[in-house]
**Student:** 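Okay, here's the structure, questions in a sec.
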Amino acid sequence: MNAMMASPKRFLVSAADSEQLKRAGSEEYLIEFLLREGTKVHAFATAYAGAALPANGPAITKPLAAGLRKWVGETLSTAVFHPYKTDAFY
């Protein structure tokens with residue numbers, strides 16, 4: 001997967017700015033699981049939701065990651081191999 005599109009961004013902030021941000025919002029968690037083949041993903045997701053754990057983001061499953069990888073690859077190949085006239089930029 002393209003790391004620039006899918007990875008979280010981290011910023012270095014001062015202690016004073018960090019305190020101000022904590023008052024303005026809530027903390028965000030990045031929770032990751034790697035399940036074995038054959039694991040019932042829906043049952044796992046239901047159990048996770050029932051445990052009242054942080055869940056304010058998307059669940060990225062293997063089919064979703066594969067689709068995103070394919071889409072990014074096709075988009076980049078279209079951008080790289082798309083013919084254009086060089087004089088159109090002058």
**Student:** Counting only N and O atoms by type, is there a donor-acceptor contact under 3.5 Å from the side chain of Thr39 to the main-chain atoms of Leu35?
**Tutor:**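 The answer is no, because no donor-acceptor pair under 3.5 Å joins these two groups.
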**Student:** Roughly how far, to the nearest 0.5 Å, is CZ of Phe33 from CZ of Phe44?
**Tutor:**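 The CZ atom of Phe44 sits 4.0 Å away from the CZ atom of Phe33.
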**Student:** Got a second to check how far Lys22's NZ is from Asp17's CG, nearest 0.5 Å?
**Tutor:** 12.0 Å
